Amino acid sequence: MAWLYLVGAGLLEIGWPVGLKMAQTSETRWSGIAVAIAFMAASGFLLWLAQRDIPIGTAYAIWTGIGAAGTFMVGIMIYGDPTSLARYAGVALIVAGVATLKLAH
């Protein structure tokens, strides 16, 4: 169950940078901040649950890896962030690191 909590925490980790991005415009400033805070709290709670059974270093690295890779993809698909082979390779290295941590556990 701890691994499900951790994956859920990582997926929710994607929501708070999106909320902060929403907060960049005056029309959605307060709703964006509310979204960011809600996702931070939910993600942090699930990470806390996961750390009961998963070592802190492993849990934190996987949590941030899922969040970083997911936010990268949201940035490209929704916000039109630039892409390049090098950027995709960097994210692939993050995903490979996360997979290695899971397999080594």
Side-chain angles (χ1 to χ4, degrees):
M1 195 66 184
W3 288 100
L4 291 176
Y5 290 144
L6 186 57
V7 169
L11 293 173
L12 290 172
E13 179 73 358
I14 298 166
W16 73 264
V18 172
L20 293 178
K21 182 69 172 175
M22 290 170 53
Q24 297 300 314
T25 61
S26 59
E27 299 84 34
T28 56
R29 176 147 303 126
W30 294 110
S31 61
I33 290 171
V35 165
I37 291 170
F39 274 94
M40 281 182 201
S43 178
F45 177 71
L46 289 179
L47 177 63
W48 175 75
L49 291 175
Q51 286 180 343
R52 292 187 296 184
D53 296 319
I54 300 171
I56 186 173
T58 301
Y60 183 74
I62 290 174
W63 178 63
T64 57
I66 293 170
T71 303
F72 172 79
M73 294 307 299
V74 168
I76 289 170
M77 294 186 304
I78 296 176
Y79 293 103
D81 286 357
T83 64
S84 69
L85 184 57
R87 290 184 57 149
Y88 282 111
V91 171
L93 289 171
I94 292 170
V95 172
V98 166
T100 301
L101 283 170
K102 168 60 174 116
L103 293 173
H105 178 70

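None of the values given here were measured: they were computed from a predicted structure.
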Margin query: Side-chain heavy atoms nearer than 4.5 Å, only ILVMFWY residues, links allowed to pass through others: does that put Leu11 and Val18 together?
Written below: yes
The reported gap from CE in Met73 to OG1 in Thr83 (rounded to nearest 0.5 angstrom) is 9.5 Å
Same apolar cluster (I L V M F W Y, side chains within < 4.5 Å links), Met1/Val7 = yes
Rounded to the nearest 0.5 angstrom, the CG-OH distance for Leu47 and Tyr5 is 13.0 Å
| field | Shared hydrophobic cluster, Phe45 / Ile56 (ILVMFWY, side-chain heavy atoms < 4.5 Å) | value | no
Q. For Trp30, does the CH2 atom have more than 12 heavy-atom neighbours from other residues, nucleotides or ligands under 6.0 Å away?
A. no
d(Trp16 CH2, Ile37 CD1) to nearest 0.5 Å is 11.5 Å
Taking every heavy atom of Gln24 against every heavy atom of Arg29, the minimum-distance pair comes out as O-NH2, 3.5 Å
- Query: Judged by modelled atom types alone, do Ser31 and Thr28 share a side-chain donor-acceptor pair under 3.5 Å?
  - Reply: no
Atom pairs and distances, donor-acceptor, side-chain atoms in residues 61-70, under 3.5 Å, two or more places apart:
unit_1, atom_1, unit_2, atom_2, d
Trp63, NE1, Ala9, O, 3.4
Trp63, NE1, Ser43, OG, 2.7
Thr64, OG1, Tyr60, O, 3.0
Thr64, OG1, Ala61, O, 3.2

**Item:** Verdict with reasoning, Leu6 to Ile54, per side chain to side chain contact (heavy atoms under 4.5 Å, CB included)
**Value:** CA-CA 9 Å; Leu6 186 57; Ile54 300 171; 3.9 Å; yes
Between the CG atom in Leu12 and the CE atom in Met40, the distance rounded to the nearest 0.5 Å is 12.5 Å
Here the gap from Arg87 atom CZ to Ile76 atom CD1, rounded to the nearest 0.5 Å, amounts to 5.5 Å
What one should report as the nearest heavy-atom pair of Thr71 and Ile14 is OG1-CA, 3.7 Å
- Item | Linked, directly or transitively: Val98 and Leu103 (ILVMFWY side chains, under 4.5 Å) | no
Distance col, row Leu46:CG vs Glu13:CD, nearest 0.5 angstrom, shows 11.0 Å
- Query: If only atom types and distance count, is the side chain of Arg52 paired as donor or acceptor with the main-chain N or O of Ala2 below 3.5 Å?
  - Reply: no
Of all heavy-atom pairs linking Met22 and Gly32, the shortest is CB-CA, 3.8 Å
Self-check item: Sub-4.5 Å side-chain heavy-atom contact between Tyr88 and Leu93
Solution: no
